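Proteins get letters first, then strands, A, B, ... in listed order; numbering begins at 1 in each. Given the structure is predicted, the values throughout are model-derived calculations rather than measurements.
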Amino acid sequence: MEQNVIELNDVFKEYMLGKTVVRAVNGVSFAIAPGEFTVIAGPSGSGKTTILNMVGCIDDATSGEVLVKGKNHRMMSDNEASFFRNSTIGYVFQNFNLIPVLNTYENIEYPLRIGGKRIDKSVKIKIMNLIEEVGLTDFIKHRPDKLSGGQRQRVAVARALVNNPDIVIADEPTANLDYNTGSEIISIMQRLNELYGTTFVISTHSEMIMKRARRIISIIDGKVQSDIGECDENKNQNYDNIFNESLCSVTGTGC
Amino acid sequence: MDQIKMSLRNLLRNYKRTVLTMSVLVLGIVGMLVYAGYIDFSMWGFREQTIKGGLGHFRVYKKGYNSRGSERSINYLIENEREVYRLLMRTAHIREVTPELEVQGILSNGEVSEITLGRGYDVTSVSIIKDSFKVVEGEFITDADSYEIALGSILAEKLNATIGSYLTIMTTTRQGGLNAIDLMVVGIIETGIDEYDERLSIMSIDIAQMLLDVNAPERYVVMLDDTDAVDSVTASLKDSGMVSELGIEIRTWSELAKFYHQVKEMNETYFFITQLIILVIVAFSIVNTMRMVIYERMREIGTIRAIGMTRAGVVRMFFYEGVWLGVFSFILGIVAAVGVAWVINFFGGIYIAPPPGQSTGYHTMIRPDMIRYFQVGCIVMFSVILGSLIPAFRAARVKIDESLRYI
C-alpha cells in the first residue's frame with residue numbers, strides 16, 4: 001500500500017488575537033494519497049488557509065501531527081524546512097505572488113535557482129515545455145505587470161510544478177479570476193495532475209472547483225464537516241449526491 | 001536570473017526612491033571627500049612648509065646629539081664636517097645640504113636688549129632657508145664674511161632696528177667666555193609665526209662660529225628632490241654603514257616635527273568625527289529606505305520563503321541591493337566630489353584666515369589623497385550594507401504565513 005503523502009492527525013491551531021485565543025483549526029484529521037486532486041472547501045474564515053499553511057510547511061500546528069511525505073515540519077530546522085519546501089511542495093497563491101522583476105521564464109525558473117539547481121539545456125527544455133503546457137509560449141519575456149490575471153496564475157502554476165514537487169498547494173487560486181479564466185486554470189491543474197501525477201490540494205469556496213474535484217474535504221469552523229471522495233464506499237452513493245451534500249454544507253443554501 | 005542581477009532590477013523597480021537614497025549617499029561622499037581633500041592639502045602644505053621652513057627633509061647630527069639631555073648642543077658639533085658633507089652630496093636624491101649652527105644670545109642696540117635665537121647658515125647655499133621666511137624689508141645676507149644680520153620683524157621692532165642699524169650680539173663661547181660682535185641689520189624677515197619673529201635672527205655660519213669660537217657646524221640640514229624619498233634615502237645611508245663609521249645620527253623631518261603630527265592627529269580626529277556623523281546619517285537614511293522597501297515587499301519575501309529560499313537567502317538578496325546602491329553611489333559620489341573640488345580649485349581654493357599665532361592666512365585647495373577614496377568607499381559600503389542588513393534580518397525572521405498575509 002502506498003504511503004499517504006499528507007497526513008493530519010488531530011491537529012489544532014490556535015492564534016492570539018490581542019488577548020483572545022482564536023482556535024482556527026479544531027482537531028482536524030485526514031490523509032491524502034499521492035496523485036489525489038483534493039479540494040478543501042469551506043466558507044471564509046473556516047480554517048482552509050491555516051490547514052494549507054500547515055500542509056505546506058509554512059506554519060506549525062499548536063498540537064497534533066502534520067506529516068508531509070512522512071516528515072513533520074516541526075522537527076525540521078528553518079533551513080531544512082526551506083529545502084524541503086523547495087523540493088517537495090509547489091505553491092499557487094490567490095494573488096499570484098509572482099516576482100515583479102522577473103519575466104515569465106525567470107519566474108518559472110526561480111524555484112530551481114533558489115534550490116541551487118544547475119540550469120542546463122534539459123532544464124531549459126523542461127521549463128519551455130511547462131510554459132507550453134500552460135499556454136504562455138508567446139509571453140515568455142513578459143513581466144507580470146504585462147500579463148492578465150489568468151496568465152499570471154498560469155505562470156504561478158508552472159512555477160509550482162517546475163521542481164517536480166510531490167504536492168502542489170493552491171490557496172484559492174481562482175478567487176481573483178473570472179469564471180472562465182478560473183475554469184481554465186483548474187483545467188490546466190487537472191491536466192498536469194494527470195500528466196505528472198502530482199498531488200494537488202486546493203482550497204476554495206468556488207462551486208466550479210468543487211464540482212470538478214475528485215475529493216472534497218469540507219471545513220466548517222476549523223473542523224472537518226465532511227470528506228467526500230469519488231469512490232466513497234461507506235456512503236455508497238453516486239458522486240453527484242455526495243457533492244450536493246457537501247455543497248449545501250459549504251454554501252449554507254437549503255438543500 | 002541570478003540573485004545579483006535580480007537585486008539590480010529590484011533597485012531600479014522604484015527608481016525615484018533609489019535616486020533619492022543615492023542622493024543622500026552622494027552628498028555624504030562629496031562632503032567626506034571635499035573635507036578630506038581640504039585636510040590633505042592643508043597637511044601637505046603644512047608638511048612642505050615645515051620641511052622648507054628650516055627643518056629640511058632630514059638632519060644630520062653628531063652621534064648622541066639628540067640624547068644629550070641638558071648638555072649644551074655646542075659640545076656635539078660635527079667635527080668631521082668635510083667627510084659628512086661629501087657623503088651626503090654623493091647620495092642620490094639629495095638636492096642641497098646646509099650646515100647650521102645655533103646661537104643663543106642677547107642682541108642690544110645700546111639702550112634695549114633682547115634675547116635672540118640666532119641661526120648661522122652657509123649663506124651661499126641657503127635657498128632652503130630662504131623659503132622659510134619672507135624678507136619684508138632690506139635683503140637677505142649674501143656675503144659669508146660680512147658682519148650682517150637679518151632680524152625677525154617683532155624683534156627688529158623691539159630693538160628699534162631698521163636697515164643699516166648696528167646691533168651688538170653677545171653670547172658665551174664653547175669654553176664659557178663672553179663674546180660680542182657688532183652686526184649691521186641688512187634685512188627684516190617674517191616667518192608667519194609671531195613667536196619666531198620675536199626671537200629669530202639670521203647670520204652667516206662664519207659669524208656664528210666666530211661668536212661661539214668653534215669651527216664646525218652643529219648639524220646639516222638636508223633637502224631632497226622629493227619628500228616621498230626621505231625614508232629610502234635615510235635607510236640607504238644607514239645601511240651603507242657610513243653613518244656609524246662617521247659617528248653621526250639622522251633624524252627625519254617626521255621625527256622632529258612633533259607639532260606637525262599633533263596637528264595631523266587633530267585633523268584626523270575632526271575627520272573621523274565628521275565621517276562618523278555622515279556614516280550615521282547615511283546608515284539611518286538607508287535603514288529608512290530599506291524598511292520601506294522591505295515592508296512593500298513583505299508578501300514577496302513570504303512567497304520566496306515559501307518556495308524554498310532560506311532566511312540567509314533573503315538577507316543576501318537585500319545585501320546585494322545594498323552593495324549595488326553603495327557601488328553606484330560611490331562612483332557618482334567620486335565624480336561629484338572631483339567636480340566640486342575642481343570648481344573650488346578653479347576659483348582659487350578656500351581662503352583660510354591666519355591661525356592663532358600666525359600672521360598670514362592662506363588659500364587651501366581640495367586635493368584628497370588616493371587612500372581617501374578607498375577610505376570613503378569603505379565607509380559608504382559599510383554604512384549602506386549595515387543599513388540594508390538591519391531591516392533585512394528582521395524581514396527574514398518574519399513568519400512566512402504572516403508575510404504572505406501582509407497587505
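Crowding of A/Asn72 atom CG: a count of heavy atoms from other residues, nucleotides or ligands under 6.0 Å exceeding 12. By the neighbour-count criterion of 12 heavy atoms within 6.0 Å, atom CZ of B/Phe382 is sparsely surrounded, having that number or fewer from other residues, nucleotides or ligands. Atom NZ of A/Lys117 sits in a crowded spot, with more than 12 heavy atoms from other residues, nucleotides or ligands closer than 6.0 Å. Counting non-hydrogen atoms of neighbouring residues, nucleotides and ligands closer than 6.0 angstrom, the CG atom of A/Leu195 exceeds 12 such neighbours. Other residues, nucleotides and ligands contribute more than 12 heavy atoms inside 6.0 Å of the CZ atom of B/Arg17. Around atom NZ of A/Lys126, more than 12 heavy atoms belonging to other residues, nucleotides or ligands sit under 6.0 Å away. Crowding of B/Arg405 atom CZ: a count of heavy atoms from other residues, nucleotides or ligands under 6.0 Å exceeding 12. Within a 6.0 Å radius of CE in B/Met370, other residues, nucleotides and ligands contribute 12 heavy atoms or fewer.
Counting heavy-atom pairs under 4.5 Å between each of A/Asn95, A/Ile169, A/Ile119, A/Asn163 and chain B puts A/Asn95 at the top. In terms of non-hydrogen atom pairs under 4.5 Å with chain A, the most contact-rich of B/Gly308, B/Gly302, B/Gly313 is B/Gly308. With chain B as partner, the option from A/Pro111, A/Gly56, A/Pro100 having the largest number of non-hydrogen pairs under 4.5 angstrom is A/Pro100.
Taken from CZ in B/Arg299 to CZ in A/Phe93, the straight-line distance is 10.0 Å, to the nearest 0.5 Å. Remark: A/Asp59 CG to B/Asp401 CG distance equals 4.0 Å, nearest 0.5 Å. Rounding to the nearest 0.5 Å gives a distance of 10.0 Å between CZ of B/Arg305 and CD1 of A/Ile58. Rounding to the nearest 0.5 angstrom, the gap separating the CG atom in A/Asp171 from the CG atom in B/Leu404 is 9.0 Å. The CD1 atom of B/Ile400 sits 6.5 Å away from the CG atom of A/Asp78 when rounded to the nearest 0.5 Å. Going from atom CG of B/Asn10 over to atom CG of A/Leu102 covers 8.0 Å, rounded to the nearest 0.5 Å.
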**Request:** Using the side-chain contact (heavy atoms from CB on, under 4.5 Å) rule, take A/Ile99 and B/Met6 through it: C-alpha gap first, then chi angles, then the decisive distance, then the call.
**Result:** CA-CA 10 Å; A/Ile99 310 299; B/Met6 192 173 153; 3.6 Å; yes
**Prompt:** Please walk me through it: do B/Glu300 and A/Val101 pass side-chain contact (heavy atoms from CB on, under 4.5 Å)?
**Reply:** CA-CA 11 Å; B/Glu300 193 180 310; A/Val101 295; 5.6 Å; no
**Intermediate values then yes/no, salt bridge (charged side-chain N to carboxylate O under 4.0 Å, His left out), B/Arg9 and A/Glu106** = CA-CA 13 Å; B/Arg9 285 194 197 172; A/Glu106 290 162 346; 2.7 Å; yes
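Residues B/Thr303 and A/Arg159 have side chains in contact (heavy-atom distance under 4.5 Å, counting atoms from C-beta outward).
For the residue pair A/Ile114 and B/Ile304, the shortest heavy atom distance occurs at CD1-O, 4.0 Å.
At a 4.5 Å heavy-atom cutoff, the contact between B/Arg13 and chain A is made by side-chain atoms alone. Of the atoms belonging to A/Phe96, not a single heavy atom falls under 4.5 Å from chain B. For A/Asn53, the part lying near chain B is the side chain, with the backbone staying farther off; criterion is any non-hydrogen pair under 4.5 Å.
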